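What follows is a set of notes on a single structure, which appears directly below.
In this chain, residues are counted from 1 in sequence order. This one's a predicted model, so the numbers in the text were calculated from it and none came from an experiment.
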Amino acid sequence: MTSFVSGQRWISDTETEQGLGTVLTFDSRMVTLLFPATGETRLYSINNCPLTRVEFNPGDRVESHEGWTILVAEVIEKNGLLTYCGTLPDGEPCQLPEAELGNHIRFNKPQDRMLAGQIDQNSNFTLRYKTLNYNHSLRKSPLRGLVGPRTSLIPHQLHIAREVSQRHAPRVMLADEVGMGKTIEAGLILHQLLTTGRANRVLILLPESLVHQWLVEMLRRFNLRFSVFDEERCRQADDENPFNTEQLIITSIGFLSNDDERRQQALEAEFDLLIVDEAHHLIWSEEETNPEYQCVDTLAQQIPGLLLLTATPEQMGTKSHFAHLRLLDPDRFHDLAAFEAEESRYEPVAEAVQELLDNNNQTLPAQARDHLINFLGDDSKALINVLETGEEDARNTARTQLLRRLLDRHGTGRVMFRNTRAAVGGFSGRAVQGYPQPLPELYEIALEEETFYRHNLYPELAYQAQIRVDDMDPWWKVDPRVDWLINLLKLLKKEKVLVICANANTALDLENALRILSGIPAAVFHENMSIIERDRAAAFFAEEEHGAQVLVCSEIGSEGRNFQFAHHLALFDLPEHPDLLEQRIGRLDRIGQTEAIKIHVPYLQGTGQEVLFHWYDRGLNAFADTCPAGSMVQMHLGEELTPYLQPGSKSSEADIEALLTKAAEMNTQQMEHLHKGRDRLLELNSRGLASSEDMINDIEEQEQPRQLKRFMEKLFEGFGVESEDYSKHCLVIRPGSHMITTYPGIYEDGMTVTFDREMALSREDMHFLTWEHPIVTEGMDMVLTSELGNTSVALLKNKALKPGTMLLEAIYVVETSADRTLQLDRYLPATPIRCLIDPAHNNLSEKVAFDTLNAQLQPLKRGVAKKLVNAQRAPFLTMIEKAEACAKEQVQPIVSTACQNLLTDVTEEIKRLAALKVVNPNVRSEEIEYLKNRAALGHQALQKAVLRLDALRIMIAG
């Protein structure tokens, strides 16, 4: 039985944070301890108390409760109490009774905890060592930040994310065509910047209609918890500047552009990155700009990083495109005329690129050769000669080098990424069907009084504006398109149909008509609804069994939302601009769409609707395919088109046919021009020269769902979280009744998690755990920042060893402290060094693997373990000294390798950017200066790396 004496000092094995306890009272059954550091009192059963007597030994340095320290030379015991005799720092002799020991003494270092009898389970030692190794591998991985998101592994998205996120304060435009995943690309870039420490504070500006959608996407796909800011949230903030209260903020662009005070506060909040979606709404000209553009321009001048997202970068023509580039780099894009002249030079170069790709190791045509030399300079002649005369491998290498140089020198290729459907492939196609409807007499009467041509496109507006009689029928009882839609829905039965019309009131009335006339379950979605109401409508439409068959949207439904689970699109009317039409179709025609899109277009004969349908169908081919040239054609021929859209237009069919033929020819020419010119180079740069398949394979290999599942089961077990198998690669986890601390991210009522990406993409109700998920990373941090598993004593079952033989396993860590933005984790993450010392003081770590040794170990009861440690104190301390000496020998090679890798990477990048800056002014000087500064600071920090003992395990053969 344990002997207690009043005044003795003990420590609680389960509550080490209480410090040293003092025995107050005891009897045959119970003992009471006071913990002066916290003022807490505890009552323990003597027969089963989790307490360890605090005893120091000669050579230890011990602190008194008054703060002075003594170097122990002798320990005297009298009546069960200890007195430590030794010397003060100045050499004066001194005595320290144990009752006067410092109350806050804690045994944090592994050797102190081991000698104090604070011994952990062997399974937790294993967990700690595995966590150290996994943490080291993850932080060093070049894929860090790309593994965690719940997204499909799509090559062009991963290429853009890796390319952009490696830059300092990236400023780029993501301009992939509709449905190519710009939001995913922005999220991947953002996730990697945050994970690697290149950004900490982020502001996202969006149209009001997309705020909640982005909020949900950032959380569901990227585990990023943004806060939505509006006037009410700002008023509730504790800080004078509400934008200082959160790191990740989403707000509507209208909120900031219309409020000077809030905009100024956002400016002063020092964000690292600004993201702006639907950037084509930012209007600029040399004469005037809209408030949204002015707002973004002001913020972009202050915030280092900027991502602009738009599927239609040239929606308003070259000037609009230039205006967006001007936001990215006003010093580089300051002259519109110079920009237009520069862009015109790329077409012959693109033709040469095509020759490079298509020549199949044949001699280049003279014209293509001349274009390449003129663009790249005389130093390209040697590569061209190799391309034409060298061996096959040399020719392939030369071709790749020439293409890379062309892309490096491409004007906007560094600041703009635009992938096209044609280049990426994998889309299911489209089919359009027009449905001519007779013009109702009442509509005809209404249009006779109209002069506003929009009412010829949307005649229900003319009817409501011009027909003023008592008890007039609502327009939907007059309009034949309503009956047509009801018949279509009945024909398609349970298939989902997205209906889009231009006006919110039309959408509301149409949903009302469907309910009254047919009873077909329908949802409505328009700009006058709250964000929550819109999300409910979208969810009702998405529900398979009991959801709405049809969702009726106003034009707002064509921005940002993804309804790719539907395959039928009914355009109740047509928008006035081809880019808006492409946005409508893009709600269904996206990556991941499994069927061809069926586009249904009713139109009223003899109105602007009929002309507009044929304009899009035969003039621009905008239904069957994407129409990147449509805005340019409409800009050139818009004045000729407008008269045909006016009410009461008397134009002949021959005139309309002539215009459609002219539009088709111009569209073909513009498409050829885009294909030959800048688009070809952008396509190459946006997709990447090298295949992304290797990166995808590396991500899939790093995911290792089985290994991660096994590790997390052990991690959950270590912290008392209950877990049980749900299915292959899936667990149900919930807080356990014996949890030693709160585990962040786990719901009180439990949650289902999966480690399989395909499962996560098909089951949104499951949480997708990867090595980068907060539940995983925070759990690993909890292990490494605590004492869990940093001491252990085990029985070693090995017949080759003499019983009683002691081995010491010591785990050290080489680490450095530096600003996260230096990203030294890539070169020197916390690096474990394992030493295995035998009684002859040999290091056996290279001969005996950790897992091999671990498999031969059996747990020991804590009481037995404590006695073994006390009995082996002297050899234990000697073996620690030997282990530290062995570990120190490995530090300098590790640090030297890290320094060399850092300098090699940064030097190569500086050389590349410096050479590139000579021929491509889009390379900013601050990027090069940042790299130079980062190399100097990083090298300095690496040289200060230190060695730290992290964990100890004693193994006794038996």
Side-chain angles (χ1 to χ4, degrees), residues 175 177-178 311-321 340-341 343-351 353-354 358 367 418 420-423 427 429-434 436 453 456-457 571 574-586 589 599 601 603 605-646 649-683:
E177 286 184 345
V178 172
T312 52
E314 295 176 321
Q315 180 168 336
M316 305 304 292
T318 304
K319 288 184 180 180
S320 173
H321 182 43
E340 291 175 330
E343 291 288 279
S344 67
R345 296 199 301 270
Y346 293 124
E347 184 168 323
V349 180
E351 292 175 357
V353 169
Q354 194 64 52
D358 296 344
Q367 188 177 33
R418 181 166 176 78
T420 62
R421 294 160 176 261
F427 290 86
R430 306 172 176 179
V432 65
Q433 176 66 54
Y453 86 96
N456 201 35
L457 299 179
L571 301 179
L574 292 170
E576 299 172 64
H577 199 283
D579 286 338
L580 288 176
L581 175 64
E582 184 57 43
Q583 285 187 345
R584 287 189 181 190
I585 300 173
D589 189 14
I599 305 171
V601 187
Y603 58 84
Q605 295 171 306
T607 68
Q609 288 187 351
E610 182 175 15
V611 176
L612 201 55
F613 172 77
H614 293 301
W615 170 259
Y616 287 143
D617 186 28
R618 292 157 52 198
L620 304 183
N621 195 35
F623 293 116
D625 203 353
T626 56
C627 188
S631 60
M632 288 179 276
V633 175
Q634 191 142 324
M635 184 174 61
H636 284 99
L637 300 181
E639 291 185 3
E640 297 182 46
L641 172 65
T642 300
Y644 300 123
L645 305 180
Q646 296 283 5
S649 172
K650 302 301 182 184
S651 304
S652 66
E653 288 189 14
D655 293 336
I656 295 175
E657 285 296 326
L659 178 61
L660 294 177
T661 300
K662 187 177 181 180
E665 292 174 353
M666 184 177 291
N667 186 56
T668 301
Q669 292 171 0
Q670 291 286 356
M671 291 289 286
E672 290 177 357
H673 174 72
L674 288 173
H675 181 72
K676 292 177 181 177
R678 205 194 72 255
D679 258 16
R680 182 58 173 156
L681 291 173
L682 273 178
E683 173 190 312

inquiry  = Let me confirm one number: the CD-NE2 distance from Gln670 to His636, rounded to the nearest 0.5 Å.
reply    = 6.5 Å
task = Starting at CE of Met635, measure out to NE2 of His577 and round the result to the nearest 0.5 Å.
result = 8.5 Å
task = Sequence neighbours left out, what passes side chain to side chain contact (heavy atoms under 4.5 Å, CB included) with Asp589? Give chain and number order.
result = Arg421, Phe427, Arg430, Ile585, Ile597
Pairwise salt bridge (charged side-chain N to carboxylate O under 4.0 Å, His left out) hits with a residue in residues 612-621, at least two apart = Arg618-Glu657
ask   = Considering residues at least two apart in sequence or located in another chain, which fulfil the ring pair (Phe, Tyr, Trp, His ring centres under 6.0 Å) criterion with Tyr616?
value = none
ask   = Looking at CD of Glu610 and OG1 of Thr607, how far apart are the two atoms once the value is rounded to the nearest 0.5 Å?
value = 7.0 Å
Could you pull out every donor-acceptor pair under 3.5 Å between side chains of residues 619-629 and any protein atom, sequence neighbours left out?
none

ask   = Can you list the residues that meet the side chain to side chain donor-acceptor pair (under 3.5 Å) rule with Gln634, with sequence neighbours excluded?
value = Trp615
query = Any side-chain heavy-atom pair from Arg584 and Leu571 closer than 4.5 angstrom?
reply = yes
message = Just to verify, what does Gln433 make a side chain to side chain contact (heavy atoms under 4.5 Å, CB included) with, not counting sequence neighbours?
response = Tyr435
query = Would you call Gln583 and Leu580 a side-chain contact if the rule is heavy atoms closer than 4.5 Å?
reply = yes
Side-chain heavy-atom pair Leu574, Leu457 within 4.5 angstrom cut-off = no
Verdict with supporting geometry, His614 and Ile656, side-chain contact (heavy atoms from CB on, under 4.5 Å) = CA-CA 9 Å; His614 293 301; Ile656 295 175; 5.8 Å; no
inquiry  = Suppose we screen for side chain to side chain contact (heavy atoms under 4.5 Å, CB included). Which residues come up paired with Glu665, at least two apart in sequence or across chains?
reply    = Thr661
request  = Report yes if some heavy atom in the side chain of Leu659 is under 4.5 Å from a heavy atom in the side chain of Asp655; otherwise report no.
outcome  = no
task = State which residues pass side chain to side chain contact (heavy atoms under 4.5 Å, CB included) with Pro643; sequence neighbours excluded, sorted by chain then number.
result = none
key: CD/Gln605: more than 12 non-hydrogen atoms of other groups inside 6.0 Å   = yes
request  = Taking ring pair (Phe, Tyr, Trp, His ring centres under 6.0 Å) as the test, write out the residues that go with Tyr644, two or more places apart.
outcome  = none
request  = Name all residues meeting the salt bridge (Lys or Arg N to Asp or Glu O under 4.0 Å) criterion together with Glu576; count only those two or more places apart in sequence or in a different chain, and write none if there are none.
outcome  = Arg454
